[in-house]
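Here's the structure, in C-alpha cells; my notes come after.
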Amino acid sequence: MARTRDDYRHASPRRINRRHALRRLSATLLAARTLPAWSAAPDTDEGRPFNPQWLREHAEALARHPYVAPTPPHPALLARIDYDTYQAIRFDSRHALWPNDPARLPVEPFHLGRYARLPVALYRVENGSTRRIEYRPDLFDYSASGLDGPLPDDLGFAGFRVMNTGGAGDWLAFMGASYFRSAGVLDQYGLSARGIAIDTAMPGGEEFPRFSAFWLEQPGRDGAALSVHALLEGPSLTGAYRIDCRRGDAVTTDVHATLFMRRAVARLGIAPLTSMYWYSETNHRVSGDWRPEIHDSDGLALATGAGERIWRPLNAPPRVQSNAFLDRDPRGFGLLQRDRAFDHYQDDGVFYNRRPSVWVEPLGRWGDGAVHLVELPTDDEIHDNVVAFWSPAEQPQRAQSLALDYRLHWAAEEPYPPSLARAVATRAGRGGLPGQQAARKPSQRKFVVDFTGGPLDSLEQRYDLTAAASASRGVIDNAHVLKVLGTPRWRASFDLDVSGEAPVDLRCHLRLGDRTLSETWLYQYLPGSLGLDA
C-alpha cells in the first residue's frame with residue numbers, strides 16, 4: 001500500500017522552483033515556429049474509431065483470459081535513471097500535445113525511469129478517431145542527465161501530465177499503476193487517488209493493477225477540460241474508465257468505470273486515496289525534525305448515509321492499523337488537510353499548508369459497506385503511509401461486473417462542509433491539572449480538542465457547554481468545555497485513565513443541553529505511540 005516519494009510522483013517542475021517554471025514558459029513563448037508534434041509520429045492505429053462502449057467491450061474480452069504481466073523495456077538503461085537523473089531529463093514543451101491552442105490545455109508525457117519502468121500506450125482522440133502518440137528520443141533533452149549515447153527509439157512513456165495554459169506548470173498527472181493526482185485550487189501537489197485498490201492490508205498482500213493505455217480527448221464532455229479514457233489491467237480484474245477532469249473555481253475529476261472480475265478478491269477498494277501523515281500537534285514528540293508538523297492530510301472526514309458528520313485525526317502508528325467505518329449509502333468521505341496555517345509547518349519548499357484535500361462524492365447509491373482507513377508506521381515524509389477507500393459489504397466474484405460512478409473534489413476545504421462546528425486540532429499530554437504533580441496518575445492521559453465554526457460562531461463565553469466524551473475502554477474524567485480567549489475556538493478537554501497496550505477508541509462532540517453543536521470527533525489512541533512521558 002505504501003509508496004515511496006522517490007517513485008517520481010513529485011517529478012513535476014512544481015517541486016523544483018519558480019525559475020524553472022519561468023524558463024519553461026519562456027521557451028514556449030519564444031518558439032516562433034511549431035515543431036513536429038509527438039502526436040504526429042508514424043502510427044499504425046491512425047484513424048481507428050473510438051468510443052467508450054468499444055473500450056468496455058475490449059476490457060470485458062480481456063477479462064475472459066489470464067493476465068499477462070508486462071515486461072519493462074531496456075531494464076539496464078532504466079536502472080540507471082535514478083531520481084536525480086530523472087529530474088535532469090526535460091521534455092521539450094514545444095512538442096506537447098495541443099501546445100498552441102488557447103481553447104485547450106497542453107499535455108506532456110512522463111519519461112520512464114528506475115521507479116516507473118512500465119510504458120503505457122497513449123492516444124489522442126479527435127472527432128471520434130484515435131491517433132497513437134509515439135515515443136521519440138528527440139522529444140526530451142538529456143543533456144544534463146549524464147546519459148551517454150543515443151537512447152533506443154522504442155522506450156515508451158510512463159504517463160502524462162496536463163499543463164496550465166501557456167505551459168507554465170501542471171495541474172493534473174497520471175503515472176504509476178492506477179495513480180493520478182491534481183494540484184487542486186491551491187496549486188500544490190499532495191495526496192493521490194487510484195483507479196482501484198485490491199486487498200489492501202490483507203494477509204495475502206496487495207495487488208496493484210495498472211492503467212496500461214490512455215485515450216485523451218479535449219474539450220471533453222459536459223464542459224470537461226479533458227476526458228481521460230483508460231484501460232485498467234491486473235491479475236484480478238480489468239476495467240474501462242472515463243475520467244472527466246474539470247478545472248475552474250474548483251478542480252473535480254468524475255470517475256465512471258466498469259470493472260470485469262477475472263477472479264474473486266478479498267477486499268475491493270473503491271475510490272482509494274493515498275496520503276502521508278508523519279506528525280502534527282497531536283504526536284509531534286515522536287519526531288526529531290525541526291518543523292512543527294509534516295503531513296499531506298491530517299484527518300479522515302465522513303458524511304454518513306444517516307447524516308452524521310465525523311472527523312478522525314490521522315495517526316502514524318507503531319504497527320499497521322486498519323479501521324472500518326460501517327455505513328449504508330455514504331454521502332461522502334475524504335482525506336483532508338484542515339490545517340492551513342503556514343506557521344504550523346514552516347516549510348517554504350514543499351508547502352504542506354497548500355496540499356489539497358480530496359473529497360469523494362458518490363454519484364448514486366453505494367449500498368452497504370464500509371469506509372476503510374489503513375495507517376502504516378513511518379519515520380520520514382518520503383513515504384505514503386495512509387490509505388482510505390470504500391469497500392462493499394458483498395465482494396464481487398469471478399466473472400461479475402461492477403459499475404462505479406463518483407466525483408473527486410481536489411479542494412482547499414471540503415465541498416459540502418457540515419453545518420456543525422468542526423474539529424480543527426487534537427492534542428494529548430499527561431493527565432491531571434498543571435502544577436499538581438502529586439495528584440497525577442501515570443496511567444492518565446489528557447486529550448484536548450479544538451472546535452470552531454457552525455453554531456459556535458454566535459456564542460460568547462459561557463460555562464454550560466458539555467463535552468460528550470466516551471472511550472472503548474478505560475475511564476473518562478474531568479471533561480469540560482471553554483472558549484479559548486481571543487479566538488473563535490472552543491476547547492474540549494478530558495482525561496482518560498487506561499492501562500495496557502490495546503488501542504482505545506475515543507469519541508467526543510459538543511452539546512448545549514440536548515442540542516448537538518459539533519461533528520463527532522473520533523480518535524484511536526495507541527498507548528505509547530505519542531512520545532508522552534509516563
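Residue numbers count from 1 along this sequence.
For the side-chain contact (heavy atoms from CB on, under 4.5 Å) with Y525, the qualifying choice from V498, T282, D505 is V498, the only one to do so.
No donor-acceptor contact under 3.5 angstrom links the side chains of W278 and S287, judged on distance only. At a cut-off of 3.5 Å, with distance as the only test, no side-chain donor of Y352 or D298 sits close to an acceptor on the other residue. Defined by atom type and a distance below 3.5 Å, a donor-acceptor pair is missing between the side-chain atoms of Q524 and N315.
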Exercise for review: List the steps and the verdict of side chain to side chain contact (heavy atoms under 4.5 Å, CB included) for L216 and V228.
Suggested key: CA-CA 5 Å; L216 311 179; V228 177; 4.2 Å; yes
Review point. Are L237 and I198 close enough, and set up right, to give a side chain to side chain contact (heavy atoms under 4.5 Å, CB included), and what steps lead you there?
Key: CA-CA 10 Å; L237 51 70; I198 295 178; 3.7 Å; yes
Review point. Does the side chain to side chain contact (heavy atoms under 4.5 Å, CB included) test come out yes or no for M202 and V265, once each step is laid out?
Key: CA-CA 10 Å; M202 297 297 287; V265 299; over 6 Å; no
Exercise for review: Evaluate the criterion side chain to side chain contact (heavy atoms under 4.5 Å, CB included) for residue pair N478 and L433; output intermediate values, then yes/no.
Suggested key: CA-CA 10 Å; N478 300 324; L433 297 175; 6.0 Å; no
Practice item. Start with the C-alpha gap between H372 and F389, add the side-chain angles, then the distance that decides, and say whether ring-ring contact (aromatic ring centres under 6.0 Å, His included) holds. Key: CA-CA 5 Å; H372 289 256; F389 54 85; 5.3 Å; yes
Check your understanding: Step by step, would you call R355 with E293 a salt bridge (charged side-chain N to carboxylate O under 4.0 Å, His left out)?
Key -> CA-CA 13 Å; R355 299 298 171 103; E293 301 186 33; over 6 Å; no
Exercise for review: With side chain to side chain donor-acceptor pair (under 3.5 Å) as the test, would you mind laying out the steps for R511 and T516 before giving the verdict?
Suggested key: CA-CA 5 Å; R511 297 186 67 83; T516 297; 2.8 Å; yes
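Remark: side-chain polar atoms of R489 are not paired, donor with acceptor, to backbone N or O of V424 under 3.5 angstrom. Put simply, the side chain of E207 never gets that close to the backbone of G234: no donor and acceptor are under 3.5 Å apart. Between the side chain of D187 and the backbone N or O of G184, no donor-acceptor pair lies under 3.5 Å. With hydrogens and angles ignored, the 3.5 Å screen pairs a side-chain donor or acceptor of D199 with a backbone N or O of R267. The main-chain N or O of H409 is never found under 3.5 Å from a side-chain atom of T252 such that the two would form a donor-acceptor pair. No side-chain donor-acceptor contact under 3.5 Å links T253 to the backbone of I243. In this structure a side-chain-to-backbone donor-acceptor pair under 3.5 Å is missing from Q461 to L485. Listed for the R338 side chain is a donor-acceptor partner under 3.5 Å among the backbone atoms of A423. A donor-acceptor pair is defined here as one N or O able to donate and one able to accept, closer than 3.5 Å; no such pair exists between the side chain of D497 and the backbone of G474.
Residues P318 and L526 form a side-chain contact, since some pair of their non-hydrogen atoms from C-beta on lies under 4.5 Å apart. Counting only heavy atoms from C-beta outward, the side chains of L105 and T165 approach each other to under 4.5 Å. With a 4.5 Å cut-off on side-chain heavy atoms, R340 and S357 count as touching. With contacts defined as side-chain heavy-atom distances shorter than 4.5 Å, the pair V387/L335 does not qualify. With contacts defined as side-chain heavy-atom distances shorter than 4.5 Å, the pair L259/L404 qualifies. Looking at heavy atoms from C-beta onward, V371 lies out of side-chain contact with V360 at the 4.5 angstrom threshold. Using a 4.5 Å heavy-atom cutoff, the side chains of L522 and L506 are not in contact. Between S178 and L232 the shortest side-chain heavy-atom distance falls below 4.5 Å.
For the residue pair R247 and A225, the shortest heavy atom distance occurs at N-CB, 4.5 Å. In plain terms, the two heavy atoms of L420 and P455 that are nearest each other are CA-CD, 3.9 Å. In this structure, Q400 and Q395 approach most closely via the heavy-atom pair OE1-O, 4.5 Å. Nearest heavy-atom pair, Y279 versus P292, reported as atom, atom and distance to 0.1 Å: CE1-O, 3.1 Å. Between A421 and G453, the closest heavy-atom pair is CB-O, 3.3 Å. Minimum heavy-atom separation, H295 to Y345: CE1-OH, 2.9 Å.
The pair K446-D495 counts as a salt bridge, with a side-chain nitrogen and a carboxylate oxygen less than 4.0 angstrom apart. Classification of R194 and E206 as a salt-bridged pair holds, one side-chain N sitting under 4.0 Å from a carboxylate O. A salt bridge between E501 and R319 is absent, with no side-chain N of the basic residue lying under 4.0 Å from a carboxylate O of the acidic one. Taking 4.0 Å as the cut-off between side-chain N and carboxylate O, R242 and D244 count as a salt-bridged pair.
Taking CG of D405 as the reference point, atom CD1 of I270 lies at 10.5 Å (rounded to 0.5 Å). Rounding to the nearest 0.5 Å gives a distance of 5.5 Å between CG of L456 and CG of L517. In this structure, CD on Q218 lies 9.0 Å from OG on S227, to the nearest 0.5 angstrom. One finds the CE atom of M276 at 5.5 Å from the CD atom of E381 (value rounded to the nearest 0.5 Å). A distance of 10.5 Å separates CG of D384 from CG of L376, quoted to the nearest 0.5 Å. Rounding to the nearest 0.5 Å gives a distance of 4.0 Å between CG of D289 and CD1 of I294.
Classification of the F174-F214 ring pair by plane angle, with boundaries at 30° and 60°, yields perpendicular. Ring orientation note: the planes of Y523 and W521 are close to parallel, at an angle under 30° on the 30°/60° scale. Taking the six-membered ring where tryptophan is involved, the planes of Y179 and F208 are essentially parallel, since the angle between them stays under 30° and well short of 60°. In this pair, W366 and Y406 present their aromatic rings perpendicular. The plane angle is above 60°, beyond the 30 to 60° band.
No more than 12 heavy atoms of other residues, nucleotides or ligands lie within 6.0 Å of CD in E394, so this atom counts as exposed by the packing criterion. Other residues, nucleotides and ligands place no more than 12 heavy atoms under 6.0 Å from the CZ atom of R328.
Listed by first then second residue, pairs satisfying ring pair (Phe, Tyr, Trp, His ring centres under 6.0 Å) with a partner in residues 312-340 number zero, not counting sequence neighbours.
Remark: D464 pairs with R462 by the salt bridge (charged side-chain N to carboxylate O under 4.0 Å, His left out) rule, at least two apart or across chains. By the side-chain contact (heavy atoms from CB on, under 4.5 Å) test, E460 pairs with K483, sequence neighbours left out.
Ring to ring, H480 and Y463 are not that close: their centroids are 6.0 angstrom or more apart.
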